[in-house]
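Single-structure report; data block below.
Just so we're clear, the structure is a prediction, and the values are computed from it rather than from any experiment. Numbering of ligands and ligand atoms starts at 1, following listing order.
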Amino acid sequence: MKKGVVMPSANLPLFINNELVASQSDQSIPVTNPATQEVLTKVPEATDAEMEQAINDAQNAFYQWRDVPPPERARLMMVFQQLLKSHHDELAEILSQETGKTFADAKGDVWRGIEVVEQACNIPSLLMGETAENVAGGIDTYSYMQPLGVCAGITPFNFPAMIPLWMFPMAIACGNAFVLKPSEQDPMTPMRIAELFAGAGFPPGLLQVVHGRKAQVDHLLRHPLIKALSFVGSVPVAQYIYRTGTSHLKRVQAFAGAKNHMVVMPDADKAQVISNLVGSSVGAAGQRCMAISVAVFVGESADWITDLQQAMAKVKPGFWNDESAGFGPLISPQAKERVLGLIAQGKHEGAQCLLDGSDCRVADYPDGNWVGPTLFSGVTADMTIYREEIFGPVLLCMHVNSLDDAIQLINQNPYGNGTSIFTSSGLSARHFQHYIEVGQVGINVPIPVPLPFFSFTGWKQSFYGDQHAYGKQAVRFYTETKTITARWFDPGMAATPNMTIQMR
Ligand code: NAD
């Protein structure tokens with residue numbers, strides 16, 4: 001099959017052993033441009049035989065790959081990083097077409113993934129274990145980090161470049177093989193990334209891309225050769241993956257939904273607060289797990305809501321290559337219906353809708369899944385719009401009297417992905433960072449996603465597992481520690497039975 005850009009209208013192949021392979025499945029799912037509903041391609045639901053081949057061939061690739069020295073693995077990662085960079089715009093264009101993201105946003109999606117590949121280039125030093133000399137007379141102990149075997153990844157629609165790249169480069173750099181099941185809503189970007197991976201010179205079978213939905217995920221969850229599973233997606237599916245994967249005795253990390261609050265202190269810079277709130281709430285149409293969806297105004301900072309409303313009203317959605325567009329459409333008509341339902345529910349439950357994007361239209365694109373910027377004030381913690389992740393361009397405003405009230409509100413929320421505080425007081429910021437029960441905290445930074453030398457550390461219902469994505473935690477997740485205790489005998493020394501355990 002032809003290599004190159006995945007062409008619209010073709011049936012999407014699987015990616016097995018570095019080849020594009022047509023699936024034998026008679027089940028497929030259309031992939032659409034969310035601004036037009038044009039069908040870009042159809043994604044097959046891989047058959048059981050195709051799943052078996054992908055996994056078994058990955059296992060065989062692993063047996064060879066685990067012995068490749070980490071510096072050689074790192075060199076291939078460097079070539080992959082170069083290829084991703086030189087195809088950055090092409091990848092972003094594919095990504096924009098299937099997600100509707102603006103071109104600038106799509107480039108950011110690809111770039112954040114490239115940064116993880118750069119981290120994977122550091123694998124020789126990341127894989128260094130521990131040593132201790134002379135732990136007992138003439139005995140040394142040291143540890144190695146060895147790969148697990150075949151690992152799998154199941155990824156969501158909202159970052160089709162970055163999130164697959166959170167997973168497989170680190171897993172493969174650690175010496176594993178990897179089977180990726182990308183979102184069926186935008187699988188073209190990960191397929192193109194897989195082709196570039198093969199182009200970098202990695203051996204066949206190390207990265208397999210299979211398509212489908214629940215049945216294919218279940219195959220991975222239950223397969224004895226799959227040793228570890230990385231998942232990113234919604235809370236109910238994350239809970240299902242974590243429970244099912246661990247009940248099959250696999251290592252699982254499952255990243256889930258979010259409700260991220262930004263605390264606005266009255267001593268904050270008002271212009272910064274407003275521009276950061278607008279960008280972090282409606283950017284990418286609010287379809288980011290680190291989007292700010294709740295602004296918590298402390299004291300008189302609530303007076304700024306009118307200015308916020310005016311700034312939000314100026315942001316317009318549009319087609320991906322429209323440079324004046326602030327964001328694109330929602331991923332699907334179903335996602336749009338769900339968000340409109342939640343907006344209606346918010347009004348019904350008594351929140352004040354200061355800006356309503358329900359009836360949003362974009363010239364020349366009448367069929368797009370558009371929702372305009374939407375702003376609610378007077379929101380209370382019992383309302384459905386507060387309790388549920390909306391995943392749309394909708395910002396809720398709440399009002400509290402003190403920083404401690406804001407902290408209490410956020411700590412009572414079941415999610416714990418990200419949060420931020422805007423203030424000019426170091427003391428307030430420090431108090432917040434210490435007492436807040438959320439895994440990623442921004443101080444005058446609205447979306448505090450850590451760079452890949454740290455890890456992506458969501459808490460509470462936003463994450464199930466122990467070791468997080470990328471950084472040193474990914475190395476621990478994708479490896480097993482082997483600890484060796486060694487003694488070398490002097491050939492001239494007499495061997496005497498050691499009958500006692502010596503206590504000192
Ligand atoms: P989703 O849960 O619907 O789908 C994610 C993946 O799971 C897809 O590959 C899908 O095919 C598969 N899947 C869906 N239903 C399944 C089932 N019943 N059994 C097995 N597999 C199933 O999520 P989505 O709508 O694609 O993504 C949006 C969600 O992802 C949001 O909730 C968002 O907050 C979350 N997310 C979280 C993070 C994070 O780091 N915490 C990052 C990005 C997105």
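In the vicinity of V217, heavy-atom distances shorter than 4.0 Å reach the ligand 1 atoms 20 (C), 21 (N). If you number the atoms of ligand 1 from 1 as listed, the ones under 4.0 Å from a heavy atom of W166 come out as 40 (O). Residue contact check: N158 has heavy atoms under 4.0 Å from atoms 43 (C), 44 (C) of ligand 1. If you number the atoms of ligand 1 from 1 as listed, the ones under 4.0 Å from a heavy atom of V232 come out as 5 (C), 36 (N), 37 (C), 38 (C), 39 (C), 42 (C), 43 (C), 44 (C). In summary, the atoms of ligand 1 found under 4.0 Å from a heavy atom of I163, numbered by their order in the structure, are 42 (C), 43 (C).
Between Y386 and H261, the ring centre distance stays below 6.0 Å. F463 and F456 have their aromatic ring centers separated by at least 6.0 angstrom.
Of all protein heavy atoms, the one closest to atom 18 (N) of ligand 1 is K214 CD, 3.7 Å. Remark: minimum distance from atom 28 (C) of ligand 1 to any protein heavy atom is reached at F391 CE2, 3.7 Å. Here the protein heavy atom with the shortest distance to atom 40 (O) of ligand 1 is F456 CE2, 3.1 Å. Ranking protein heavy atoms by distance to atom 35 (C) of ligand 1, first place goes to G233 O, 3.1 Å. Of all protein heavy atoms, the one closest to atom 36 (N) of ligand 1 is C289 CB, 3.6 Å. Among all protein heavy atoms, the one lying closest to atom 15 (N) of ligand 1 is V237 CG2, 3.6 Å. Counting only heavy atoms of the protein, atom 10 (C) of ligand 1 lies nearest to E184 OE1, 3.6 Å. Of all protein heavy atoms, the one lying nearest to atom 32 (O) of ligand 1 is E389 OE1, 2.7 Å.
Classification of K347 and D356 as a salt-bridged pair holds, one side-chain N sitting under 4.0 Å from a carboxylate O.
Put simply, atom 4 (O) of ligand 1 has no protein non-hydrogen atoms near it, under 4.0 Å away.
Judged by distance alone, the side chain of H248 and the main-chain N or O of K250 form no donor-acceptor pair under 3.5 Å.
By the 4.0 Å heavy-atom criterion, Y415 is excluded from the residues contacting ligand 1. Not close to ligand 1: D218, with no non-hydrogen atom less than 4.0 angstrom away.
The distance criterion of under 3.5 Å between nitrogen or oxygen atoms is not met by F159 with respect to ligand 1. When only interatomic distances are considered, the shortest N/O to N/O separation between A256 and ligand 1 falls below 3.5 Å. Of the polar atoms of F157, at least one N or O is found under 3.5 Å from an N or O of ligand 1, judged by distance alone. Taking any N or O of Y240, backbone or side chain, none lies under 3.5 Å from an N or O belonging to ligand 1. An N or O contact shorter than 3.5 Å links K181 to ligand 1 by distance.
Looking at P190, P187, S28 one by one, the single match for side-chain contact (heavy atoms from CB on, under 4.5 Å) with H211 turns out to be P187.
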